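Start at 1 with the first residue, then count along the sequence. Note that the coordinates shown come from a computational prediction; the quantities given were computed from them, not determined experimentally.
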Amino acid sequence: MHTPGPWAVHKNKGAAVPYSIRTKETYLIGEVYDSTIGDLTEVDANARLIAAAPALLEALERIVNNAPNAGSMVTIARAAIALAKRDYT
């Protein structure tokens, strides 16, 4: 089970780690590092995508639960849900 959303991007101005992902209670979910040496465009996009993960998972689950026989789109959604819920332990 993942930490419940919503998650938000926090910009860490002047820090070695430019972005952190936190819950509304400000619990740290993760940090996004700058691997582009100065251009934060891609890093910012990655941070926003990570922060959107709980909402994206919920949307996919609703699609699958409300349209179980909708064909290939539901198959793709099921694969994404499985990936999000994979146990790496």
Side-chain angles (χ1 to χ4, degrees):
M1 181 73 168
H2 67 278
T3 303
W7 297 353
V9 175
H10 292 266
K11 292 185 179 182
N12 304 320
K13 294 182 181 177
V17 179
Y19 297 95
S20 59
I21 312 301
R22 298 184 177 270
T23 66
K24 64 181 178 178
E25 294 85 14
T26 69
Y27 295 122
L28 180 65
I29 298 297
E31 298 174 320
V32 182
Y33 290 84
D34 178 10
S35 61
T36 61
I37 309 174
D39 180 10
L40 296 180
T41 305
E42 184 177 323
V43 179
D44 180 71
N46 290 340
R48 287 184 283 112
L49 181 59
I50 293 166
L56 294 170
L57 177 59
E58 180 182 353
L60 288 172
E61 288 176 329
R62 286 185 179 187
I63 290 168
V64 168
N65 291 335
N66 291 312
N69 298 315
S72 65
M73 294 307 292
V74 171
T75 300
I76 293 168
R78 283 188 178 124
I81 292 166
L83 183 62
K85 292 185 168 186
R86 182 179 299 168
D87 184 2
Y88 290 98
T89 58

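Considering only heavy atoms from C-beta on, K11 comes within 4.5 Å of Y19 through its side chain. N12 has its side chain out of reach of E31: every pair of non-hydrogen atoms, C-beta onward, lies at least 4.5 Å apart.
Of all heavy-atom pairs spanning H2 and L57, the tightest one is CE1-CD2, 3.7 Å. Across all non-hydrogen atoms, the minimal contact from P18 to V43 is CG-CG1, 4.2 Å. Contact detail for A47 and I21: the closest heavy-atom pair is O-CD1, 3.3 Å. Residue A51 comes nearest to W7 through the heavy atom pair O-CB, 3.5 Å, listed as atom of the first residue, atom of the second, then distance.
Between N65 atom CG and L60 atom CG the span is 10.5 Å, to the nearest 0.5 Å. Atom CG of L49 is separated from atom CD of E42 by 11.5 Å, given to the nearest 0.5 angstrom.
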